[in-house]
Amino acid sequence: MTNKATQPKKSETFVASVVRTGGSHVARQGSVYRSGVSAESVGSSMLWLGTISLPAGRRTSAHCHQGHETALLMTAGKEIEIWSGAALERCETVRPGDYLFIPAGVPHVAVNRSSEDAEFLGARNDPAANESVVLMPELDAIVP
């Protein structure tokens, strides 16, 4: 069985694309995004790839991504905390070289308590530069 969603529609009309580093934007949840591959930059229909920063001493708002999975590789910084679960009951430490997977619909908060910015290479199966985020302010006070 062939997965039609992963097959090019008309391969003769597509070519490889090089994306030069562009500007950044602050996402609704508070992290800083720099898109590379996206629907807007290359017409991607299933993938976003870019970098994400969480400045020193900052945290994201509690949020989830209803319709997509996110995979991250921490590339620089000291460490961050990732709080996740329905009541943000689980806290893990992420350090440079660690991979992080966030399933669709999982509430989470990232906290950078260090004096260094945290940097990540990120990919998700939502190709939009401005991803679909659901803010969850009722959970914000849970994370110290």
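Position 1 is the first residue of the sequence, and the numbers go up from there.
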Chemist: Just to verify, what does Glu40 make a side-chain hydrogen bond (donor to acceptor under 3.5 Å, both in side chains) with, not counting sequence neighbours?
Modeler: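 Checked Glu40 against side-chain hydrogen bond (donor to acceptor under 3.5 Å, both in side chains); matches are Ser38.
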Chemist: Which pairs, with at least one residue in residues 100-115 and sequence neighbours excluded, count as a side chain to side chain donor-acceptor pair (under 3.5 Å)?
Modeler: His63-His108, His65-His108, Glu81-Arg113, Asn112-Ser114
Chemist: Looking only at non-hydrogen atoms, find the nearest pair between Ser41 and Gly36 and report the distance.
Modeler: OG-O, 2.6 Å
Chemist: Could you tell me which non-hydrogen atom of Trp48 sits nearest to which non-hydrogen atom of Asp126, and how far apart they are?
Modeler: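 Heavy atoms only, the tightest pair is CB-O, 3.1 Å.
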Chemist: If you link I, L, V, M, F, W and Y whenever their side-chain heavy atoms are under 4.5 Å apart, who else ends up in the same group as Leu135?
Modeler: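 Members other than Leu135 - counting any ILVMFWY side chain reachable under 4.5 Å - are Val133.
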Chemist: From Ile102 CD1 over to His68 NE2, what is the distance, rounded to the nearest 0.5 angstrom?
Modeler: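 Going from the CD1 atom of Ile102 to the NE2 atom of His68 covers 9.0 Å.
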Chemist: What are the two closest heavy atoms between Gly67 and Ser132, and how far apart are they?
Modeler: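 In this case the closest contact between Gly67 and Ser132 is N-OG, 4.5 Å.
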Chemist: Run through the side-chain heavy atoms of Ile, Leu, Val, Met, Phe, Trp and Tyr, join any pair under 4.5 Å, and report what else lands in Leu139's cluster.
Modeler: Trp83, Leu88, Val109, Val111, Met136, Ile142, Val143
Chemist: What residues join Val134 in its hydrophobic cluster, counting side-chain heavy atom gaps under 4.5 Å, either direct or through other members?
Modeler: none
Chemist: To the nearest 0.5 Å, what is the distance between CD1 on Ile80 and CZ on Arg95?
Modeler: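 Spacing of CD1 (Ile80) from CZ (Arg95) equals 11.0 Å.
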Chemist: Could you work out, with side-chain hydrogen bond (donor to acceptor under 3.5 Å, both in side chains) as the rule, every residue matching Arg34, not counting sequence neighbours?
Modeler: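 Once residues adjacent in sequence are excluded, Arg34 has no partner under the side-chain hydrogen bond (donor to acceptor under 3.5 Å, both in side chains) criterion.
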Chemist: Using every non-hydrogen atom in the two residues, find where Gly77 and Pro96 come nearest and quote the distance to one decimal.
Modeler: O-CG, 3.1 Å
